[in-house]
J.: 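Just passing along the structure, written as structure tokens.
By convention here, the first residue in the shown sequence is residue 1. Note: hydrogens, waters and symmetry copies are ignored here, and every other heavy atom, side chains too, is used.
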Amino acid sequence: MKNVGGADRAVRIIAGVALLTLFYFLPGYWKLFGLTAIPLLVTGLSQRCGINKLLGRNTCRIN
């Protein structure tokens, strides 16, 4: 069941893309910080978030 939608989804995808660019531009171990984009992109694109489910949140209007 989808529980991520609207502005929440857009923010996740935009933040994910922004963090993913850090992977290419930062040197050394700082590149790992850019990998934090993966969960944001996965939850934004799949419209499913385990944390939202645990908290009982649903920002998606149409399931």
J.: Check whether more than 12 heavy atoms from other residues, nucleotides or ligands sit under 6.0 Å from atom CD1 of I51, and answer yes or no.
T.: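 Check fails, neighbour count at 12 or below.
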
J.: Go through the steps to decide whether L35 and F23 satisfy the test side chain to side chain contact (heavy atoms under 4.5 Å, CB included), and finish with yes or no.
T.: CA-CA 7 Å; L35 293 179; F23 182 76; 3.8 Å; yes

J.: Nearest 0.5 Å please: distance from the CG atom of N58 over to the SG atom of C49.
T.: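 Going from CG on N58 over to SG on C49, the span is 11.0 Å.
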
J.: For the residue pair L20 and L41, what are the closest heavy atoms and their distance?
T.: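 Distance-wise, the nearest heavy atoms are CD2-CD1, 4.1 Å.
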
J.: If a pair satisfies side-chain hydrogen bond (donor to acceptor under 3.5 Å, both in side chains) and one of its residues is in residues 5-29, list it, with sequence neighbours excluded.
T.: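 side-chain hydrogen bond (donor to acceptor under 3.5 Å, both in side chains) check on residues 5-29 returns D8-R12, D8-T59, R12-T43.
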
J.: Locate the shortest heavy-atom distance separating L40 from A15; write the atom from each residue and the value.
T.: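 Minimum heavy-atom contact is CD1-CB, 4.0 Å.
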
J.: Which heavy atom in Q47 sits nearest to a heavy atom in K2, and how many Å separate them?
T.: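 The pair with the smallest heavy-atom distance is OE1-CD, 2.9 Å.
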
J.: Using a 3.5 Å distance criterion without hydrogens, assess whether the side chain of N52 forms a donor-acceptor pair with backbone atoms of R57.
T.: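 Judged by distance alone, no pair lies under 3.5 Å.
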
J.: Could you report the tightest heavy-atom contact between A37 and G16, atom names first, then the distance?
T.: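 Looking at all heavy atoms of both residues, the shortest contact is CB-O, 3.0 Å.
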
J.: Say whether I38 and L26 are linked into one hydrophobic cluster, either directly or through other cluster members, by side-chain heavy-atom distances under 4.5 angstrom.
T.: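 Shared cluster, no.
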
J.: Other residues, nucleotides and ligands only: do more than 12 of their heavy atoms fall within 6.0 Å of NZ on K53?
T.: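 12 or below, so no.
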
